[in-house]
Amino acid sequence: MKEQDMTIHNPTGLHARPAKVFVNTAKQYQSDIRVQHGAKKANAKSLISMLTLGVECGSEIRISVDGADEEEALAALVTAVSSGLGEEEHMPAQTAVSHPAPPNGHQTTTSPTAVLPANMIKGIPAAPGIAIGPIYHLQHEEITVDETFRGASEEEAALQKAIERARGQLVTLRQQMLQSTSASEAAIFEVHQEILEDPDLLDAVLERIHRQQSAARAWQITIDSRAKAMAALNDPLLAGRAADIQDVGYRVLRLLMGGDEQQVSLPDHPVILVATDLSPSDTASLNRGKILGFCTAAGGPTAHSAIIARALSLPAVVSAGTAVLNIPNLTPVILNGSDGTLTIEPDSAAVAQAQASQQQWQAAITRAAASAAEPAITQDDHRVEVVANIGGLKDAQKAASAGAEGVGLLRTEFLFLERTEAPTELEQFEVYRDVVQAMSGQPVIVRTLDIGGDKPLPYISVPSEANPFLGERGIRLCLNRPELLRQQLRAILRAAAFGPLRIMFPMIADLSEWRAARAMVAEVQAELGAPDVEVGIMIEVPSAALMADAFAREVDFFSVGTNDLTQYTLAMDRMHPSLAGKSDGLHPAVLRLIARTVEAAHANGKWVGVCGELGADPQAVPILVGLGVDELSVSVPAIPTVKAQIRSLTLTAVQTIAQEALQCSTAVDVRERMRTAV
Ligand code: PEP
Ligand code: MG
């Protein structure tokens, strides 16, 4: 047996991501590997037990390795710990959410200072649309656990069978999610599979079975204790993981007791579901015919449940506070997923108004879908290109049929995440080529790797940073690892032979970064004899917007990343749940930076796109068009409605509105102005 004591220097200790890197490293070896922290011991191949160790920054751990490959295993773990375990500090421990997901571009916040009517509760809009009906408090079907012990081998077999079936259900759910939405949302169910396969969890259940407990009882007790231990660590990120453990636990328990697909028990008429929070499985298994929408007391717009609600087109309000839990069952309400309100016992006038809005909303969606292939031209003949933000080939295929006039942002991170080594040039080339071909001649903007900060990679070691969002992120990381960027540029430029392709660099803050990256494009082009392509930058850092005139002389185009531009302008973490209501891209400070960027670009004969979530926000579209933005790049489902909205505008009118917005004092004022303007 080999042992080594080590101090953990990761700022948040052995938190989810570093712990995952540690566990994945351990899993590559056959030896038995244990980690001791104080009196607690964990199996290093079990994510759940590693997390429950609660190792904080500065804590000492002892790694003990016993087995045939103990030397190599210990060396690999020591190296992994010393090099920071793919360090990240500020990102919630979720593989599912790599970008904040505002409510499908339909966020319209009610002024926080406005006085709400007494019968109205305000939460965060999570998925657009209006639902009218009675509320129903979510109750899981009670499971009576059979405690009869039928012999160890029979109980073990029952457990294995239930786990197998649960795995099958999770694979199906993941596939359904992949078809209706994108990979990051589907990854929720990958996390669940990981929990299902946790060796330590399984050992603990088997041990109980060998102590003559029924499989169901053993499973229930083990899951409860694991989830409680994780929730007790008093960390909101791990509390989310605890909910995932409970969710998987419930799924298997149901199967063990002879149940089938997980269903929430509901009355036989349509209802608006109310719950503290909804698990991903709850949301995915909701019977669409019976659910009109949902409202949760907790959660945020980036919660799994909100993401899935958007994928299922269910109106949803989250983070409405515990008051919603006290509304009596079956009370009639109006749920407005577009402005985040819940109106309790509305009077007949309010119901009539909500019904009218609901019909308009439905009709508008149908009309928009029917004319999705038409260009977006304003009433006074001004054309705005509407293109897609995509995360891979599947999205490209959907984009083409949703009326996208190209791809404004291909987030290449998807190729690099969730793997243990970088993709090869060939692998990258094939994907870029396939995306370009899927867009059949429409232009595709490929953004170079935007990693670091909130998106660390296990195979790229970045020294621990106190403020990763202000650290080695995006282009900075790539310029410090020129081989990584060079290889990606080679793959992109090879794919350029198969269709119109443009290159875009993320997180540019300084002209020297742009020039270094641009120079590398020229070198690779010469090396490959590749065709000329347009090369542009994202405007996501205030310094780039302020220096837009200097950049505009050299770049081919700008694309404003409003998610980051808002984050850096307002100094508000884009993932921060309690700042979600305030971190608004319609803040006049952000709008002034966009206006300045457009002015500088047009003065130099260059064009400007917007590829942040703001580009699909109905209150922002008129302002962005009025400011002269030439292209809006939005998520695939938003393409038809954004195009339809542009067709309803008049350029001269929105130019006036945009100038007024620039003169507003706050984002709330801008939104108030927009409520009456369009
Ligand atoms: C942005 O910051 O607005 C953007 C589009 O980039 P990402 O969301 O990928 O950081
Ligand atoms: Mg960004």
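No experiment lies behind these values; they were computed from the predicted model shown. Counting starts at 1 for both ligands and their atoms, following the listed order. For this chain, numbers begin at 1 and follow the sequence in order.
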Completion exercise
min-distance N/O/S atom, Asp564 vs the Mg ion (ligand 2), resolves to OD2
Fill in the blank from the handout: Atom name of the N, O or S atom of Glu540 nearest to the Mg ion (ligand 2) is OE1
With atoms numbered from 1 as shown, which atoms in ligand 1 lie under 4.0 angstrom from a non-hydrogen atom of [X]?
X	result
Glu540	1 (C), 2 (O), 4 (C), 6 (O)
Cys611	5 (C)
Arg411	4 (C), 5 (C), 6 (O), 7 (P), 8 (O), 9 (O)
Asp564	1 (C), 2 (O), 3 (O), 10 (O)

Practice task
Take Arg481 and Glu472 through the test salt bridge (Lys or Arg N to Asp or Glu O under 4.0 Å) and record every step on the way to the result.
Solution key: CA-CA 11 Å; Arg481 287 163 187 74; Glu472 239 191 280; 2.6 Å; yes
Exercise for the section: Please state whether the rings of Phe557 and Trp607 are parallel, tilted or perpendicular, taking 30° and 60° as the class boundaries. Expected result: parallel
Exercise for the section: For the pair Arg592 (side chain) and His587 (backbone), establish whether a donor and an acceptor sit closer than 3.5 Å, ignoring hydrogens and angles. Expected result: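 Answer holds: no.
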Handout entry: Sidechain-backbone polar pair: Glu513 side chain, Ile508 backbone, donor-acceptor under 3.5 Å
Key =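 Not at all, since once roles are kept as given, no pair shorter than 3.5 Å links the two residues.
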Handout entry: Option nearest atom 4 (C) of ligand 1 (shortest heavy-atom distance, choices Met538, Gln567, Glu413)
Key =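 Nearest option to atom 4 (C) of ligand 1, by heavy atoms: Met538.
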Practice task
Mind listing the closest non-hydrogen atom pair of Leu85 and Val21 along with its distance?
Solution key: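 Looking at all heavy atoms of both residues, the shortest contact is O-CG2, 3.6 Å.
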Just to be sure I read this right, does ligand 1 sit under 4.0 Å from the backbone of [X], its side chain, both, or neither, counting only heavy atoms?
X	result
Glu613	neither
Arg447	side chain
Leu409	side chain

Fill in the blank from the handout: By salt bridge (charged side-chain N to carboxylate O under 4.0 Å, His left out), Glu540 pairs with (sequence neighbours left out) none
Practice task
Show your reasoning for whether salt bridge (Lys or Arg N to Asp or Glu O under 4.0 Å) applies to Arg673 and Glu660.
Solution key: CA-CA 8 Å; Arg673 172 75 192 87; Glu660 285 172 17; 2.2 Å; yes
